[in-house]
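One structure below.
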Amino acid sequence: ERPGGIVDVRGLTAAPDGSEAADVALVLVGEGPCAALARAYAGAGVPVALVAEGELAVPPLELGEQTAPLVGIVAGSSEGALLDGLAAWLARSADKTLALAANFPFCRRAVTDALVARRALENAAVGAVSLIPGSDYPIMCASQCALALDIAAAYGREIDLERLAELAAVMGGGVAYRSLARALVGLVPGLGAILKACVGYGGTVATARAIRLRLELEDEGRAARPAGDAAPAPSGPASQALPATPPADDYVTIGGGAA
């Protein structure tokens, strides 16, 4: 969805020569040197996945200790299962996960799920081991605000006034979660650390899912908007420098020819 996302489609005989800076490589299993190609990309330090309808279709790989962690198998007999598996593998293997999600919408849920899980665990730990009364709120709030910005970036949003409104809502939610934690601690004495950890984890997940749902509904609304109701194109130097529809040969090359 962005000019920075480049997909280069090649034949199975096109091994990496070390000149390209690929973030990940996908080998569609078929007739040809699939295993050798996967080993070549892994040897060049590029994470590579062999994509097939089933794991039995993947040939023996014979990987070394250094290359084995870089090679994965994505198998699925249906389009939905295959995309879900591919998104999960990309979210685990790619370094630039936010850019990946911003460019390829099918990866967004997997990327944000990983972000939310990590932040939620961090906030649970903050709630459990808070040594100074009241010190957990600013730490959790800062973590949730950073998570909100990361989710927005994963959905291709820029930092603007709308993001400030989201951050204000996150901080307001943090106050509510803190009040909830205090009330629970008062009702169940002796379990303060556990209760605050649970509220920190659950509050982070709930806040993140609310932000993600709003962005997804916004995207659906844009997709459903009739062409005649689309917002007018921006004017000025930026709009003149970038074409409304970039030429396809800027993105995908198949068998040496533009497509």
Side-chain angles (χ1 to χ4, degrees), residues 1-12 22-32 34-35 37-38 41-42 46-61 68-121 147-148 150-157 204-227 245 248 251-254 259:
E1 292 199 344
R2 294 186 161 203
I6 300 173
V7 178
D8 187 16
V9 181
R10 303 179 177 186
L12 288 176
D23 293 304
V24 294
L26 306 176
V27 177
L28 306 186
V29 175
E31 295 182 2
C34 302
L37 188 58
Y41 272 104
V46 178
V48 55
L50 289 100
V51 183
E53 290 188 12
E55 293 191 14
L56 294 178
V58 178
L61 299 176
L70 294 174
V71 180
I73 297 174
V74 178
S77 57
S78 66
E79 180 181 353
L82 191 61
L83 282 178
D84 289 343
L86 183 57
W89 180 84
L90 288 168
R92 292 193 308 267
S93 305
D95 292 330
K96 306 169 186 175
T97 54
L98 293 181
L100 174 76
N103 278 284
F104 304 102
F106 79 95
C107 293
R108 288 175 178 171
R109 284 228 159 196
V111 168
T112 54
D113 281 344
L115 291 171
V116 172
R118 185 174 70 248
R119 292 285 186 179
L121 288 175
L147 177 60
D150 285 344
I151 293 174
Y155 278 78
R157 305 300 198 276
T204 302
V205 172
T207 299
R209 288 184 176 177
I211 293 172
R212 186 169 70 180
L213 178 61
R214 192 189 69 79
L215 294 173
E216 288 178 348
L217 291 175
E218 190 176 276
D219 286 344
E220 290 177 4
R222 290 178 178 176
R225 181 186 300 164
T245 303
Y251 300 87
V252 180
T253 301
I254 300 177

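Values in this document were obtained by computation on a predicted structure and should not be read as measured data. The residues of the chain are indexed from 1 along the displayed sequence.
Between R118 and D150 there is no salt bridge, since no side-chain nitrogen of the basic residue lies less than 4.0 Å from a carboxylate oxygen of the acidic one. The existence of a salt bridge linking D219 and R157 is confirmed by a sub-4.0 Å separation between a basic side-chain nitrogen and an acidic carboxylate oxygen. Ion pair R209/E216 not flagged as a salt bridge, since none of the NZ, NE, NH1 or NH2 atoms sits closer than 4.0 Å to an Asp/Glu carboxylate oxygen.
By the 6.0 Å contact criterion, CD on E79 is open, its count of non-hydrogen atoms from other residues, nucleotides or ligands being 12 or less. Enclosure of atom CG in L56 is not indicated, since only 12 or fewer non-hydrogen atoms of other residues, nucleotides or ligands lie within 6.0 angstrom.
Using modelled atom types and a 3.5 Å distance limit, the side chains of Y155 and E218 yield no donor-acceptor pair.
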Quick one: do V24 and L90 satisfy side-chain contact (heavy atoms from CB on, under 4.5 Å)? Show the steps, please. CA-CA 8 Å; V24 294; L90 288 168; 3.7 Å; yes

Step by step, would you call L98 with L115 a side-chain contact (heavy atoms from CB on, under 4.5 Å)?
CA-CA 10 Å; L98 293 181; L115 291 171; 3.7 Å; yes

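Taking each heavy atom of A102 and A153 in turn, the nearest pair found is CB-O, 3.5 Å. The nearest pair of heavy atoms linking W89 to G72 is NE1-CA, 3.7 Å. Nearest heavy atoms, A25 versus V46: N-CG1, 3.9 Å. Of all the heavy atoms in P47 and S93, the pair that sits closest is CG-O, 3.8 Å.
The one candidate from T112, T207, T204 that meets the side chain to side chain contact (heavy atoms under 4.5 Å, CB included) condition with L147 is T204.
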